[in-house]
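Read the structure below first, then the notes.
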Amino acid sequence: RRNDGICTLAFAPMADARNSIRLAVSGWDECVAVYDVTSGVLTFEFKREHVIRALAFSYDGQRLVAGGDDKTVALLDVASSEFRHRLGCDDDVWAVDFSPDGHSLAVGVRSGKVALYNVTTTGVERRDDLRFRRDKAVRTVAFSPDSKLLAIGSEDYKVAVYAVSN
């Protein structure tokens, strides 16, 4: 139970080594909490300076990405609960998703842009993303199971699907 409204949430796609199922939850209080759903225990939480509107776990469950109204995306190592990378964005972040192959991160912002990042074990690097542009705010992004397509849903009442190259 939270003391404020829920803004977004995300399940880790697989159980961890202890067979725990993790759920990340953000609210209007600018706090993100990660729970072990199996036991109901709060695993860890972190506070940001602004509301977090987008959360996603990597497909191996080892990383959590959080984006919000501070125009940044933070990548967190779940095992250590430490931030590994912080990425500046063009506008407030409203959508994030990791590709199933673990190599890409898509970030959608309020202005309608979608940025793609290469994700490696050592860092994160922005790719050329000029073709991923919508007319209005991007509300959701999702990779296909084979990581070759990216779907973008926006406030222009359209869904666009693009081929993604690695």
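- One distance of note links CZ of Arg53 with CH2 of Trp28; it measures 4.0 Å at 0.5 Å rounding.
- Linking Ile, Leu, Val, Met, Phe, Trp and Tyr whenever their side-chain heavy atoms come within less than 4.5 Å leaves Leu55 and Trp94 in two separate clusters.
- Shortest non-hydrogen contact noted between Val37 and Arg22 is CG2-C, 4.4 Å.
- Note on Phe46: it does not cluster hydrophobically with Leu75, by side-chain heavy-atom contacts below 4.5 Å among ILVMFWY residues.
- In this structure, the separation between OG on Ser99 and CG on Leu149 is 12.0 Å, given to the nearest 0.5 Å.
- Across every non-hydrogen atom of Cys7 and Val51, the tightest pair is SG-CG1, 3.9 Å.
- Across all their heavy atoms, Asp92 and Asp69 have their closest contact at OD1-O, 3.0 Å.
- In the hydrophobic clustering, where aliphatic and aromatic side chains (Ile, Leu, Val, Met, Phe, Trp, Tyr) are joined below 4.5 Å either directly or transitively, Val41 stands alone.
- The closest side-chain heavy-atom distance from Val34 to Val78 is not below 4.5 Å.
- Here Glu82 contributes atom CD and Phe44 contributes atom CZ; the two are 11.0 Å apart, rounded to the nearest 0.5 Å.
- No side-chain heavy atom of Phe57 sits less than 4.5 Å from a side-chain heavy atom of Leu23.
- Between Lys47 and Glu45, none of the side-chain N atoms (NZ, or NE/NH1/NH2) sits under 4.0 Å from a carboxylate O, so this pair counts as no salt bridge.
- Salt-bridge formation is detected for the pair Asp70/Arg48: a Lys NZ or Arg NE/NH1/NH2 atom is positioned less than 4.0 Å from an Asp or Glu carboxylate oxygen.
- A distance of 9.5 Å separates CG in Asp77 from NE2 in His85, rounded to the nearest 0.5 Å.
- Here the CG atom belonging to Asp60 is positioned 11.0 Å from the CG atom belonging to Asp101, to the nearest 0.5 angstrom.
- Criterion: ILVMFWY side-chain heavy atoms under 4.5 Å apart, direct or through other members. Under it, Leu64 and Tyr59 are not part of a common hydrophobic cluster.
- Taking 4.5 Å as the limit, every side-chain heavy atom of Val32 sits out of range of all side-chain heavy atoms of Leu76.
- Taking all atoms of both residues into account, the shortest heavy-atom contact from Cys89 to Val73 is SG-CG2, 3.7 Å.
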Determine all donor-acceptor pairs shorter than 3.5 Å in which one atom belongs to a side chain in residues 105-115; sequence neighbours excluded.
unit_1	atom_1	unit_2	atom_2	d
Arg110	NH2	Asp91	OD1	3.3
Lys113	NZ	Asp90	OD2	3.3

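- Contact detail for Tyr117 and Gly88: the closest heavy-atom pair is OH-O, 3.7 Å.
- Val161 and Val164 fall into different hydrophobic clusters, defined by Ile, Leu, Val, Met, Phe, Trp and Tyr side-chain heavy atoms under 4.5 Å apart, directly or through other members.
- Cluster membership check: Val65 shares its hydrophobic cluster with Val93, using side-chain heavy-atom separations under 4.5 Å among Ile, Leu, Val, Met, Phe, Trp and Tyr.
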query: Would Asp97 and Leu150 count as a side-chain contact (heavy atoms from CB on, under 4.5 Å) if you check the C-alpha gap in whole Å, the side-chain angles of each, and the deciding distance to 0.1 Å?
result: CA-CA 10 Å; Asp97 194 27; Leu150 177 65; 5.7 Å; no
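- Across Pro100 and Ser144, no two heavy atoms sit closer than the pair CG-O, 3.3 Å.
- Within the model, atoms CD1 of Ile52 and CG of Leu9 stand 13.5 Å from one another, a figure rounded to the nearest 0.5 Å.
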